[in-house]
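Data block below; observations after.
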Amino acid sequence: PAITRDRLRVAIQKSGRLADPARDLLASCGLTWRESRDKLFCYGESLPVDLLLVRDDDIPGLIADGVCDLGIVGRNVVVEYDLGRQAGGAPGALEEWRQLGWGTCRLDIAINDDERWAGAEQLAGKRIATSYPHTLGRWLSERGVEADIVTLSGSVEIAPRLGQADLICDLVSTGGTLAANNLKPVETLLHSEAVIAGPTHPLEDGRADIADMLLRRMDGALRLKE
Ligand code: PRT
Ligand code: ZN
């Protein structure tokens, strides 16, 4: 069913690493908004653009379901979501409409720092803890390696010490957390940054023009920062 709306709805992270930069970017596009009491929905005052403040993991699904039109979210979350859909036989639903250049990190394989790394083949039969089972699964299958993926929603870095896994696949920025857990990165599966995620199809009704205007302003704001 076609959803008709004359206002654009943008999903951003409610709190966390991407929350403040996302708000700053929208503010630099001239958007002002009123926060509702539940702080979930923000009505845009200066432009017909409303915000939904959610957990980052919920952003891809909100766009895929047409509840939101665009989202500001890490590529890692977008890729994992679309690979999960494809694993279930559905087509991918999301595209990167813009790359924002911040929120950068890598999705890395990390092993105990006293172990030698000889390549992906050595992962055969190993237990790998991760919050990114689909992204890891694709990487392993591209290399013909069969390993046991242990999906954890958090605290992935301590899984080897707890005996839950032999090694991990997790996000890394400075590498400090890996080092503190006696782990070292050995392979990078994905280079990530914050992106504007949108549907694979163009927006309909008045939302297409609003999105064009917002993205033009964003491009200007991003260029000014360079
Ligand atoms: O509550 P909600 O679900 O919305 O938030 P969240 O806890 O899932 O996400 P959040 O706020 O931690 O991260 C949001 C996004 O920021 C991620 O999806 C990435 O796109 C991006 N990002 C950038 C990172 C990091 N850098 C990062 N370092 N996300 C997580 N980390 C973790 C890393 O895994 C490690 O555990 O931060 C820790 C510190 O990293 P080091 O390498 O600097 O020690
Ligand atoms: Zn999250």
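Quick note: residue numbers are just sequence positions, from 1. Counting starts at 1 for both ligands and their atoms, following the listed order. FYI, side chains are in, hydrogens and waters are out, and symmetry mates aren't considered; it's all heavy atoms of this structure. For clarity, every value in this text was computed on a predicted model and none was experimentally measured.
The pair R17-D56 does not count as a salt bridge, with every side-chain nitrogen at least 4.0 angstrom from each carboxylate oxygen. The pair R9-D50 does not meet the salt-bridge criterion, since no charged nitrogen lies less than 4.0 angstrom from a carboxylate oxygen.
Those atoms of ligand 1 that come under 4.0 Å of a heavy atom in Q13, given as number and element, are 2 (P), 4 (O), 5 (O), 6 (P), 9 (O), 10 (P), 11 (O), 14 (C). When each atom of ligand 1 is checked for a heavy atom of G176 under 4.0 Å away, the hits are 42 (O), 44 (O). Shown in contact with G16 at under 4.0 Å from a heavy atom are these atoms of ligand 1, numbered in order with element: 11 (O). Counting the atoms of ligand 1 from 1 in the order shown, those under 4.0 Å from a heavy atom of V172 are 42 (O). If you number the atoms of ligand 1 from 1 as listed, the ones under 4.0 Å from a heavy atom of T174 come out as 41 (P), 42 (O), 43 (O), 44 (O).
In S173, the parts holding a heavy atom less than 4.0 Å from any atom of ligand 1 are both the side chain and the backbone. Only the side chain of V77 comes within 4.0 Å of ligand 1, judged by heavy-atom distances.
When side chains are defined from C-beta on, Q13 does not count as touching I72, because their heavy atoms never get closer than 4.5 Å. Residues L136 and L107 are not in side-chain contact: their nearest non-hydrogen atoms beyond the backbone lie 4.5 Å or more apart. The side-chain heavy atoms of I109 and L189, taken from C-beta on, include a pair separated by under 4.5 Å. Counting heavy atoms from C-beta outward, L190 and W139 have side chains that stay 4.5 Å or more apart. The shortest side-chain heavy-atom distance between L51 and F41 does not fall under the 4.5 Å cut-off. By the 4.5 Å heavy-atom criterion applied to side chains, S192 and T104 are not counted as neighbours. Contact of the I168 side chain with the I128 side chain is not registered, since no non-hydrogen atoms from C-beta on lie closer than 4.5 Å.
The cationic group of R7 lies under 6.0 Å from the six-membered ring centre of Y43 and within 45° of the ring axis, placing it in a cation-pi geometry.
With rounding to the nearest 0.5 Å, the separation of CZ in R5 from CZ in R207 is 4.5 Å. One finds the CG atom of D58 at 9.5 Å from the CG atom of L52 (value rounded to the nearest 0.5 Å).
Nearest to atom 2 (P) of ligand 1 by heavy atom, out of T177, D56, T104, is D56. The residue from R55, R17, E157 that puts a heavy atom closest to atom 31 (N) of ligand 1 is R17.
Remark: the W117 side chain and the E187 side chain contain an N/O donor-acceptor pair separated by less than 3.5 Å.
Considering backbone and side-chain atoms alike, G74 places every N or O at 3.5 Å or more from each N or O of ligand 1. Annotation: D57 places an N or O atom under 3.5 Å from an N or O atom of ligand 1; distance criterion only.
Judged by the shortest distance from any of its heavy atoms, V156 lies outside the 4.0 Å radius around the atoms of ligand 1.
Protein N/O/S atoms found under 2.8 Å from the Zn ion (ligand 2), listed by chain and residue number: D56 OD1, D57 OD1.
There is a protein heavy atom less than 4.0 angstrom from atom 16 (O) of ligand 1.
Atom 19 (C) of ligand 1 has its closest protein heavy atom at N76 OD1, 3.5 Å. In this structure, the protein non-hydrogen atom closest to atom 33 (C) of ligand 1 is L171 O, 3.1 Å. Taking atom 26 (N) of ligand 1 as the reference point, the nearest protein heavy-atom neighbour is C105 CB, 3.5 Å.
In the hydrophobic cluster analysis, where Ile, Leu, Val, Met, Phe, Trp and Tyr join through side-chain heavy atoms closer than 4.5 angstrom, L62 is grouped apart from I196.
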